[in-house]
Amino acid sequence: MSPRSASVNEELRRRSRERLLQAAVELVSERGYEATTLGDIADRAGSARGLVSYYFPGKRQLVQSAVHRLMHRTLQEALEREPRTEDGRERMARAIDAILGLARDQPVLMRQHMASILQAEGFMQCPEQRRLAELLSETVARRGSPDAAIDYPMLRALLMGAVYAALVPGAPMPLPVLRAELFKRYGLDWETGVPPAPEGTDGTCGTDLSRFFATESRAGEDESRPKRSDPAPGTRQSK
């Protein structure tokens with residue numbers, strides 16, 4: 001059998017990484033961070049356990065990347081939903097509501113994300129985080145910011161603070177109150193965006209998140225190739 005081309009190997013690696021990100025989001029949402037092991041994530045993803053360390057230095061980095069992916073794609077979906085708009089105020093309202101909506105819909109996952117950032121390793125940059133940053137910076141610019149490089153970090157800090165305030169055990173702030181304060185700061189009308197529903201969830205992953213993780217083959221790729229347990233370059237699978 002002829003060796004796979006470089007492009008096919010790259011596609012297999014991409015899909016393996018995507019499956020690990022999706023598995024991390026699902027398991028941490030279901031079980032919490034401490035009860036989720038790298039072995040659990042690899043098993044859920046259908047990957048060899050040694051493959052996890054090929055893509056990520058450790059569990060904390062993997063989970064942060066997975067949450068940043070979820071945040072980026074949730075924000076992207078909110079900005080692109082119909083009716084499409086280029087209005088900067090509407091896009092800012094959608095961005096705020098998208099992030100507050102994650103605090104409502106994925107409290108276990110988002111609470112763990114905030115706790116992870118406060119650990120010694122702190123905030124970790126990754127490709128998923130950079131995409132999220134680019135999208136938020138673009139949103140700030142369309143809102144009319146004269147200097148998105150300055151105003152984006154402030155928006156990020158305000159959103160992180162709002163998520164933290166909404167999820168503090170024993171003393172959470174209501175999402176409508178947090179939304180009102182953010183909307184006031186940015187001069188947004190209450191009717192814009194998509195206000196968070198008043199009722200929360202039970203803290204489990206009750207929504208299918210697979211649409212946020214591109215685990216299937218891209219157009220033009222051969223679907224007959226294996227989709228699971230793809231070995232990392234230079235490794236062998238046990239027989």
Side-chain angles (χ1 to χ4, degrees), residues 14 17-18 21 25 56 60-106 109-119 121-168 173 175-196 209 211-214:
R14 181 194 65 80
R17 189 175 187 277
E18 292 284 316
L21 291 170
V25 162
F56 303 97
R60 196 173 302 282
Q61 292 88 342
L62 168 53
V63 173
Q64 275 202 29
S65 293
V67 177
H68 282 137
R69 163 58 62 83
L70 178 61
M71 294 173 70
H72 167 249
R73 293 300 302 275
T74 298
L75 178 58
Q76 184 178 54
E77 185 176 80
L79 295 175
E80 294 179 355
R81 70 173 176 81
E82 297 295 338
R84 296 286 294 273
T85 180
E86 299 301 319
D87 180 79
R89 292 176 181 270
E90 171 64 22
R91 292 176 71 84
M92 178 65 81
R94 291 186 186 188
I96 292 171
D97 284 338
I99 302 304
L100 292 182
L102 281 174
R104 176 199 67 215
D105 297 335
Q106 302 293 336
L109 190 66
M110 296 304 290
R111 189 179 292 117
Q112 169 52 47
H113 182 61
M114 299 307 299
S116 175
I117 291 173
L118 295 174
Q119 297 293 322
E121 295 90 344
F123 185 77
M124 301 171 187
Q125 290 194 344
C126 60
E128 288 73 25
Q129 184 276 328
R130 287 192 290 272
R131 294 186 189 103
L132 174 62
E134 290 169 1
L135 200 51
L136 282 174
S137 295
E138 178 188 352
T139 300
V140 168
R142 293 202 184 183
R143 168 64 181 78
S145 168
D147 192 342
I150 294 176
D151 293 334
Y152 153 66
M154 178 57 69
L155 174 62
R156 181 184 65 192
L158 290 169
L159 289 173
M160 289 173 64
V163 170
Y164 179 84
L167 297 176
V168 173
M173 288 188 66
L175 285 174
V177 173
L178 295 166
R179 183 181 194 263
E181 287 298 314
L182 288 169
F183 272 41
K184 179 180 179 181
R185 176 182 177 85
Y186 289 103
L188 306 175
D189 295 330
W190 183 261
E191 295 75 17
T192 54
V194 181
L209 302 176
R211 70 187 186 281
F212 295 134
F213 300 91

So [Y] and [X], do their side chains get closer than 4.5 Å, heavy atoms only?
X	Y	result
Leu21	Arg17	yes
Val63	Val25	no
Gln106	His113	no
Val67	Leu109	yes

Does Glu90 form a side chain to side chain donor-acceptor pair (under 3.5 Å) with Thr85? I'd like the steps, not just the answer.
CA-CA 8 Å; Glu90 171 64 22; Thr85 180; over 6 Å; no
For Tyr164, does the OH atom sit with more than 12 other heavy atoms under 6.0 Å from it, leaving out its own atoms?
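For Tyr164, atom OH is not crowded (no more than 12 foreign heavy atoms under 6.0 Å).
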Minimum-distance pair of heavy atoms, taken over all atoms of [X] and [Y]:
X	Y	answer
Ser137	Tyr152	OG-CG, 3.3 Å
Ala162	Leu100	CB-CD2, 3.9 Å
Leu167	Met110	CD1-CB, 3.7 Å
Val194	Arg81	CG2-NH2, 3.1 Å
Val163	Met114	CG1-CG, 4.0 Å
Leu175	Ala166	CD2-CB, 3.7 Å

Just jot down the side-chain hydrogen bond (donor to acceptor under 3.5 Å, both in side chains) partners of Glu77, sequence neighbours excluded, or say none.
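For Glu77 the side-chain hydrogen bond (donor to acceptor under 3.5 Å, both in side chains) partners, ignoring immediate neighbours, are Arg211.
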[X] side chain to [Y] backbone, donor-acceptor under 3.5 Å:
X	Y	answer
Glu128	Leu70	no
Arg89	Gly187	yes
Arg185	Leu158	no
His68	Gln64	yes

Would you compute the distance between atom [atom1] of [X] and atom [atom2] of [Y] and round it to the nearest 0.5 angstrom?
X	Y	atom1	atom2	result
Met160	Phe123	CE	CZ	6.5 Å
Ile96	Glu181	CD1	CD	11.5 Å
Asp87	Thr192	CG	OG1	8.5 Å
Met173	Arg179	CE	CZ	15.0 Å
Arg156	Leu159	CZ	CG	10.5 Å
Arg60	Gln119	CZ	CD	4.5 Å

Looking at residues at least two apart in the chain, or sitting in another chain, which of them share a side-chain contact (heavy atoms from CB on, under 4.5 Å) with Arg73?
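Only Arg69, Gln76, Phe212 meet the side-chain contact (heavy atoms from CB on, under 4.5 Å) criterion with Arg73.
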Identify each donor-acceptor pair in which a side-chain atom of residues 139-149 lies under 3.5 Å from a protein atom, sequence neighbours left out, and give them as a table.
from   : atom 1 : to     : atom 2 : distance (Å)
Thr139 : OG1    : Leu135 : O      : 2.9
Arg142 : NE     : Glu138 : OE2    : 3.3
Arg142 : NH1    : Glu86  : OE1    : 2.1
Arg142 : NH2    : Glu138 : OE2    : 2.8
Arg143 : NE     : Tyr186 : O      : 3.1
Arg143 : NH2    : Tyr186 : O      : 2.6
Ser145 : OG     : Asp147 : N      : 3.1
Ser145 : OG     : Asp147 : O      : 3.3
Ser145 : OG     : Ala148 : N      : 3.4
Ser145 : OG     : Asp151 : OD2    : 2.4
Asp147 : OD1    : Ala149 : N      : 3.2

